[in-house]
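Contents: one structure, followed by commentary.
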Amino acid sequence: MPELVEIEAYRRLADRVVGRTIAKVDAPDDWWIKDDNTARSLQRALKGVTVIGTRRIGKLLLLDTDGPTIGLRFGMTGRLVVDGMDGVDELIYSSRRKDPVWDRFGLRFESPKDGFLRVNDPRRLGGVILNPDESALGPDALTVTLGDFRLALDSTAPLKARLMDQAKLAGVGNLTADEALWRAGLDPRRVARSLDKDEQKRLHRHMVKTLKDLDTRGGSHTGDVIQHRVTGGRCPKDGAQMIRATVGGRTTWWCPQHQR
DNA sequence: ATTGTGGCCTGCCCGC
DNA sequence: TGCGGGCAGGCCACAA
C-alpha cells in the first residue's frame, strides 16, 4: 500500500506538472472530495491556477499553486498516474488492473493539452483536500531529528502505535513499522517511553535507513521481513517462528527471538 | 488530553 | 463453477 516511500515516488512524478496551468478538474466521485468541497467548487478554485511546486509530509502529497494548495491522500490502494506514467510499479493489496471507473480525481492542463495528472483508487480510501491542515501532522519520518523522534516516543501507548501516529510522526505505515522494529530488534508491544536512550537512537537510525532502503528498492513491500509476515513464516535473522497479533489496532508480525 | 475501538471502502482470495 | 465470508490498512469519528 502507499506509505511514505510510495508517496515520495508520487511526488517526484508529480514534479512533471510544475509550471502547468490547470484547465480542468475531473472529480467524478463526491466521496473522494473531502471537507465541504464539491466537484463544482474544486473546478472554481483550481481552474486557471498554476502549479508551482510539490511537497510531501508523511503520506500527504501537496501540490502548491499560485492559488490553493491541493492535498492528495492515497489510502491504501491509490495510484498516481501523470502523463500516462505510473508512480510505482507494484502496489500490494491493490489490484494490478487500472480500471478507468476507479479514477477518482484528475487534473488537465492548458499545456500540454494531452497532459494529465490522475489518481486511480479502487477502494476509495484516499481523497483530495483543499488547503489541508498541515499542522495536524508530526515531523516527517524521513527527516525527523533524533531529538524530535524522542519526543514522539514519549507516551504510554504501545511503541508501534506511537510510530504510526501521524500526529506525532508522519509517514510510517504498517509495513514500514514492522520492518523498522524488526531491524531494530524491538518488541512492537513495548510501552513507547520504556525505550532507553540507546534503544531510541537505534530505532531512529533503523527507521530512517529502512525508509531509504525501501525507497531505493522501489516500495514499502520490499523490506527484508515483509515476505515472512505469513502463517508459518520464520524470521530471516534467526529462524524463529514469526508471531502475529494485533498491536495498535493493526496486524503486526514480529520475531519473539530477537525483538525484545 | 490521550489512548483505544470500530467502521468506512471494495477487490481479491480462500474454502465449501 | 459460483458464492459468501474474511481480509487488507489509512484515516476518521467516537468512546472511555
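Sequence lines set the chain letters: A, B, ... in the order given, protein chains first and strands last, and positions in each chain run from 1.
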Which of the following nucleotides, [options], is nearest to the side chain of [X]?
X	options	answer
A:W102	C:dC11, B:dG11, B:dG4	B:dG11
A:K59	B:dT3, B:dT10, C:dC11	C:dC11
A:K168	C:dC11, B:dT2, B:dC8	B:dT2
A:W31	B:dT3, C:dG10, B:dC9	B:dC9
A:T251	B:dG11, B:dT3, C:dA8	C:dA8

- If you look at every strand shown and take non-hydrogen atoms under 4.0 Å, does A:R104 touch a base, only sugar-phosphate, or nothing?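 Answer is nothing: A:R104 stays at 4.0 Å or more from every strand.
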- Query: Touch check for A:R244, heavy atoms < 4.0 angstrom, all strands: base, sugar-phosphate only, or nothing?
  - Reply: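 Since only primed, P, OP1 and OP2 atoms lie under 4.0 Å of A:R244, the category is sugar-phosphate.
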Short N/O separations, protein against nucleotides 12-16 of chain C, under 3.5 angstrom:
none

- Strictly by modelled atom types, are A:E3 and A:T176 linked by a side-chain donor-acceptor pair under 3.5 Å?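 Distance-only check passes for A:E3 and A:T176.
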- Pair A:D215 + A:R217: basic N to acidic O under 4.0 Å: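 Between A:R217 and A:D215 there is no salt bridge, as every charged N stays at least 4.0 Å from the carboxylate O atoms.
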- Query: What class does the angle between the rings of A:W32 and A:F105 fall in, given that below 30° is parallel, 30 to 60° is tilted and above 60° is perpendicular?
  - Reply: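 The arrangement is parallel - the two ring planes meet at less than 30°.
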- Query: Any side-chain N or O of A:R123 less than 4.0 Å from the OP1 or OP2 oxygen of B:dG7?
  - Reply: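 For B:dG7, OP1/OP2 do not have a side-chain N/O of A:R123 under 4.0 Å.
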- Message: Ring of A:F109, cation from A:R20 - is the NZ or CZ under 6.0 Å from the centre and inside 45° of the axis?
- Response: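 Yes, A:R20 sits over the ring of A:F109.
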- Message: From CD1 of A:I226 over to P of C:dA8, roughly how many Å is that when rounded to an integer?
- Response: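 To the nearest whole Å, that distance equals 14 Å.
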